[in-house]
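Heads up: the structure comes next, in structure tokens.
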Protein chains: 2
Amino acid sequence: MTSPLDTVFAALADPTRRAILSMLLEDDMAVTDVAEPFEMSLAAISKHLGVLTKAGLIVQEKRGRVKWCKLDPDALRAASIWMQSFGQFEAVNLDAFERFLETETISQSTN
Amino acid sequence: MTSPLDTVFAALADPTRRAILSMLLEDDMAVTDVAEPFEMSLAAISKHLGVLTKAGLIVQEKRGRVKWCKLDPDALRAASIWMQSFGQFEAVNLDAFERFLETETISQSTN
DNA sequence: GCAAAAGTCAACCGAACGGTTGAATAAGGT
DNA sequence: ACCTTATTCAACCGTTCGGTTGACTTTTGC
């Protein structure tokens, strides 16, 4: 048996997939549009979206010939709850968080 | 370049490693004692501890011939902060959390 | 009706993962 | 000194991962 946390964390372990989640945080997107900023094939992105879907992090809904991807925060919430057992995290420090997101973005673009 | 989040989430993606973290949450432990409840070789556990160490989730300190493992919540905090950008998580619901930990433990023992 | 667009599928590839075993190293106990 | 305990190392093995390519399906626009 594999716990849902296995798939959620495994999905989050890839920088491309985290970047996709960030993009979807801003707006729902079609598969092709998700793929556009990346330097890899559409098929590769399609696979990544499959991983995110299986992990329950996004949902995909086909309308016409385009498949829309939208964030589904429930699985993330479960994982977040798990993590908070360690370290008794205080309320999010937004300053630290923004600095953090910035370095994340930079390290992505230099992949 | 690989982001620290890559290694943290990858480390968390394995149920054995999450179980080890749970154990270390209660107390610092020697490698042999960490290995005891698991049905795999000591070498395998040693590898898992290596992964957790590289991810910064634990620290290992050798004293005499035994190597002590203790939790290091800093890396987890960073990952947790990242996750909280999705879903605007409210303060932890402790009831839900305990139910959750329970199912986690069960799904582990039936591996 | 047909070409183009959106997306997936299947086969393949090299690298990383999770485990094993057996040998090696280091420190303690007596 | 020597056996035991604690832990790692190295080599190996099968499976999964992240990517590619090329063929395929479905929908749309003209």
Side-chain angles (χ1 to χ4, degrees), chain A residues 1-21 23-24 27-55 57-70 107-108 110-111, chain B residues 1-21 23-24 27-55 57-70 107-108 110-111:
Chain A
M1 259 294 110
T2 81
S3 151
L5 283 185
D6 291 13
T7 36
V8 171
F9 283 130
L12 293 176
D14 186 278
T16 304
R17 287 192 292 260
R18 287 199 308 279
I20 292 175
L21 291 179
M23 294 166 57
L24 293 180
D27 231 328
D28 301 354
M29 298 178 78
V31 173
T32 310
D33 295 333
V34 169
E36 199 268 334
F38 298 97
E39 299 179 324
M40 68 183 76
S41 70
L42 186 61
I45 297 292
S46 179
K47 276 192 189 180
H48 279 305
L49 291 170
V51 172
L52 290 170
T53 302
K54 262 185 195 160
L57 293 169
I58 66 172
V59 288
Q60 290 182 289
E61 176 195 358
K62 193 171 180 183
R63 202 149 30 177
R65 71 176 157 179
V66 5
K67 205 166 187 177
W68 291 92
C69 311
K70 66 186 289 190
S107 76
Q108 251 156 227
T110 56
N111 260 354
Chain B
M1 258 292 109
T2 78
S3 151
L5 283 186
D6 291 13
T7 37
V8 171
F9 283 130
L12 293 177
D14 186 279
T16 303
R17 287 192 292 261
R18 286 198 309 279
I20 291 175
L21 290 179
M23 294 166 57
L24 294 179
D27 230 329
D28 300 356
M29 299 177 80
V31 174
T32 310
D33 295 333
V34 169
E36 199 268 333
F38 298 97
E39 300 179 324
M40 68 182 75
S41 72
L42 187 61
I45 297 293
S46 179
K47 275 192 189 178
H48 280 304
L49 291 170
V51 172
L52 290 171
T53 303
K54 261 186 195 155
L57 294 169
I58 67 172
V59 289
Q60 291 181 288
E61 177 195 356
K62 192 173 180 182
R63 204 151 26 176
R65 71 178 155 174
V66 2
K67 204 165 187 178
W68 291 91
C69 311
K70 67 186 288 189
S107 78
Q108 250 155 224
T110 55
N111 258 356

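Letters go in sequence order (proteins before strands), and every chain restarts at 1.
- The line from CD1 of A:Ile20 to CD1 of A:Ile58 is 7.5 Å long, rounded to the nearest 0.5 Å.
- The interatomic distance linking B:Arg65 (CZ) with D:dC3 (P) rounds to 16 Å, in whole Å.
- The side chain of B:Ser46 contributes an N or O atom lying less than 4.0 Å from OP1 or OP2 of D:dT8.
- Nucleotides of DNA chain C lying under 4.0 Å from heavy atoms of chain B occupy a range whose first and last members, 5' to 3', are C:dG18 to C:dG28.
- When the nearest nucleotides of DNA chain D are assigned to A:Arg17 and B:Trp68 by heavy-atom distance, the more 5′-ward of the two goes with B:Trp68.
- Between A:Phe9 atom CZ and D:dC17 atom P there is a gap of 17 Å when expressed in whole angstrom units.
- With rounding to the nearest 0.5 Å, the separation of CG in B:Leu21 from NE2 in B:His48 is 11.5 Å.
- Atom CE of A:Met29 sits about 8.5 Å away from atom CH2 of A:Trp68, to the nearest 0.5 Å.
- Between A:Asp14 atom CG and B:Leu5 atom CG the span is 12.0 Å, to the nearest 0.5 Å.
- Following rounding to the nearest Å, B:Met40 (CE) and D:dT7 (P) show an atom-to-atom distance of 17 Å.
- Between A:Arg18 atom CZ and D:dG18 atom P there is a gap of 12 Å when expressed in whole angstrom units.
- When each of B:Leu42 and A:Ala10 is assigned the nucleotide of DNA chain D with its nearest heavy atom, B:Leu42 is the one assigned upstream, toward the 5' end.
- At whole-Å resolution of the value, CD in A:Glu39 and C1' in D:dG19 are 13 Å apart.
- Taking atom NZ on A:Lys67 and atom P on D:dT26, their separation rounds to 13 Å, with Å as the unit.
- In this structure, the CD atom of B:Glu36 is 12 Å from the P atom of D:dA6, given to the nearest Å.
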Stepwise, does the side chain to side chain contact (heavy atoms under 4.5 Å, CB included) test hold for B:Val31 with B:Gln60? CA-CA 9 Å; B:Val31 174; B:Gln60 291 181 288; 4.1 Å; yes

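- With B:Ser46 contributing its side chain and B:Leu42 its backbone, the two residues share no donor-acceptor pair below 3.5 Å.
- Put simply, the side chain of B:Thr2 does not reach to within 4.5 Å of the side chain of A:Pro15, judged on heavy atoms.
- In this structure, B:Asp14 places its CG atom 12 Å from P of D:dC17, rounding to the nearest Å.
- Nearer the 5' end of DNA chain C, as judged by each residue's closest nucleotide, is the contact made by A:Gln60, out of A:Lys47 and A:Gln60.
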